[in-house]
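What follows is one structure encoded as structure tokens, with my remarks underneath.
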There are 2 protein chains.
Amino acid sequence: MLTLRFQAGELKLSEVFEVSSNARILTEIINVEIMYEGKTGYGQASFPPYMKEKREVNLGFLSRLDLQTFNSPFHLNEIHRYMDSLSSDQRPAKAAIDMALYDLMGKISGLPVYQLLGLETSNKLYTSLTIGIGQEDFIRRQLEKAKDFTFIKVKLGGNIDYNKHVIELIREHASQPIGVDFNQGIEDKEAAIDMIEWLSGQQVKYAEQPMPVSMEPDYAWLKSRSPLDIYGDESIQTASDIINKHELFHGVNIKLMKCGGISKAYEMVRLAQNLGLKTMLGCMVESTCAITAAAHLGSLFDRLDLDGHLNIADDPYKGIDIQNGELLMPEGEGLGVSAK
Amino acid sequence: MLTLRFQAGELKLSEVFEVSSNARILTEIINVEIMYEGKTGYGQASFPPYMKEKREVNLGFLSRLDLQTFNSPFHLNEIHRYMDSLSSDQRPAKAAIDMALYDLMGKISGLPVYQLLGLETSNKLYTSLTIGIGQEDFIRRQLEKAKDFTFIKVKLGGNIDYNKHVIELIREHASQPIGVDFNQGIEDKEAAIDMIEWLSGQQVKYAEQPMPVSMEPDYAWLKSRSPLDIYGDESIQTASDIINKHELFHGVNIKLMKCGGISKAYEMVRLAQNLGLKTMLGCMVESTCAITAAAHLGSLFDRLDLDGHLNIADDPYKGIDIQNGELLMPEGEGLGVSAK
């Protein structure tokens, strides 16, 4: 019998995190535990302020869940069907449940989740480090943190002068390849293509969600002209978004919090590959629990951006380590996550 | 370290099996074993004469495989990538390797494969029983075998008189719902829709691949007029076929031998569901090894047609049982298959 516990909380950040739409020093979360035969599976939901998912609604969803009717965590697929029958949204809560079930499945079988999924790899996996929006001294501090990473992701926005200035500043100090993330910042397609063309001369490898979701009709135009790969992020929440919008982007950024967990992300990355899309595994600001859960899928993706826990002052979990940008999976069964 | 052994063989059938394109009393197979740390994983490839895959070519493919470079069966995804880099075809051989790897993954973890995949279910799973093409006395004998099944699948072809006669004969003796499989038999779209309309009055639930693959341009026409669900089978081999042809069919028949194994079939059923297609898990004439492997995915599908082992005189394996049409999964780890 499965027993569910959950609790709302906040993650405090070490440093203000600013993207195109907002700045913050806290991220709201829900910690989830599922107990089964003396074992505990961990999961976590995270709620960046720019997502439409609100923590209170997800708490309500979790309080309506009755997992006691399922005999074991191996009913994972049926539990997803049950959750989807209750609501098509509340995907952060579903992601937390999914992680906790995988954690239990791994603990029962004695396997780390990546083995359970047949995803063991001999290759090293590397994540980019993300630099938020900020003043010059902030960017310099971030560059110091990024110096041993093999790839840097830079948050840009609608201010073209800022964008150019920060990329030039980074290029003075760092030679790694860069990806840029506009978080929907540019609201004019001509400005977007001009910006992207300028970036293509700066050893920038991709541009993520340059324009708002509301400008999706202009994305095919942008894609056909762009010298950089255009990744969809806010436009791509679920598998059906990939099906409906795959012609608008070169690649997609898949995140557990957007889609509802490991099993949904697995489904989406396979779908994206079959449609000829490039794939990135991304994250929100979230704890080591959720980052580690995502990392188990890492070998399936072209690009990894799994650094959302590095700016957290009081991470309640330990799990994955990152050294010089390399993801070092934890020892142990299941997710390999434990409460500190 | 993974060690591969394989051997060509034949399965003798208890009774001649006739479909629209051929009749046979034997099916060529390759039995595969992968050894890892004292455990053996079982797999099997099957070669119906109407498939373009030939056993000799698949034997050549298997003899070129070097699995010793992979540390464990948990490198499943990398092994698929490696196999796909050697050839885009030889999917029966790939299916046999995939089964054997899942068998090992399950045996190492102490879990049946359906648990490894999160597909445990409290629901009962039922397969249809398939009645081949034959004379009246043959049909009567098959109906006797089918009497406790909840669903009957009937092989039809291009001979409209035969088709009507056999359905009327079955309806004299049996009231279960029926699905019909034309195996590309009808080579005229007007004849196909007339046939399907007639069948819809006989409690027939679906029509599988009524027209040849070469007539795919006419399938959209047929689908838009058909009172029955049209399933694609020979038209649908891989995930890219589902993407390219999903508008031609209401549903797809996915088979391990067509797509390359459990992991590929999993990917395809999720893809089909996301595209709004109905799904059937089918099989070739194949042994209990391959049928059991497929059955682990059963709870994901709308329809199951997993009776390809029931007409085998000398099945080399034991595994799944079928009672009154219900699939009874074997006890034990991995596939739950053992050599007799």
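Here the structure is a predicted model, which means the values were calculated and not measured. Only heavy atoms go into these numbers, but all of them, side chains included; no hydrogens, no water, no symmetry mates. Chain A is the first sequence line, chain B the second, and so forth, proteins listed ahead of strands; every chain is numbered from 1.
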For [X], which atoms come within 4.5 Å of any heavy atom of chain B: side chain, backbone, both, or neither?
X        : result
A:Leu119 : both
A:Gln115 : both
A:Leu101 : neither
A:Thr238 : neither
A:Ile243 : side chain

Option in B:Gly276, B:Ser122, B:Gly110 with maximal non-hydrogen atom pairs under 4.5 Å from chain A: B:Ser122
Go through B:Thr121, B:Leu111, B:Asn71 and name the one with the most non-hydrogen pairs under 4.5 angstrom from chain A. B:Thr121
Contacts of A:Glu234 that satisfy side chain to side chain donor-acceptor pair (under 3.5 Å) - sequence neighbours left out: A:Asn183
A:Asp305: what forms a side chain to side chain donor-acceptor pair (under 3.5 Å) with it, not counting sequence neighbours? A:Ser128, A:Thr130, A:Lys153
Within 6.0 angstrom of [X] [atom1], more than 12 heavy atoms from elsewhere:
X        : atom1 : result
A:Arg5   : CZ    : no
A:Arg81  : CZ    : yes
A:Lys278 : NZ    : no

Between B:Tyr266 and chain A, which part of the residue has a heavy atom less than 4.5 Å away: side chain, backbone, both or neither? side chain
Part of B:Ile242 lying under 4.5 Å from any heavy atom of chain A: neither
Candidate pair A:Phe74 and B:Leu116, rule side chain to side chain contact (heavy atoms under 4.5 Å, CB included), full reasoning: CA-CA 7 Å; A:Phe74 301 110; B:Leu116 207 65; over 6 Å; no
Over all heavy atoms of both residues, which pair between A:Glu78 and B:Asn123 is shortest? Give the atoms and the distance, please. OE2-ND2, 3.7 Å
Nearest heavy-atom contact between B:Met105 and A:Leu117 is CE-C, 4.5 Å
Any side-chain heavy atom of B:Arg270 within less than 4.5 Å of one from A:Leu271? no
Derivation and outcome, side-chain hydrogen bond (donor to acceptor under 3.5 Å, both in side chains), residues A:Asn274 and B:Glu267: CA-CA 9 Å; A:Asn274 279 310; B:Glu267 188 177 328; 2.8 Å; yes
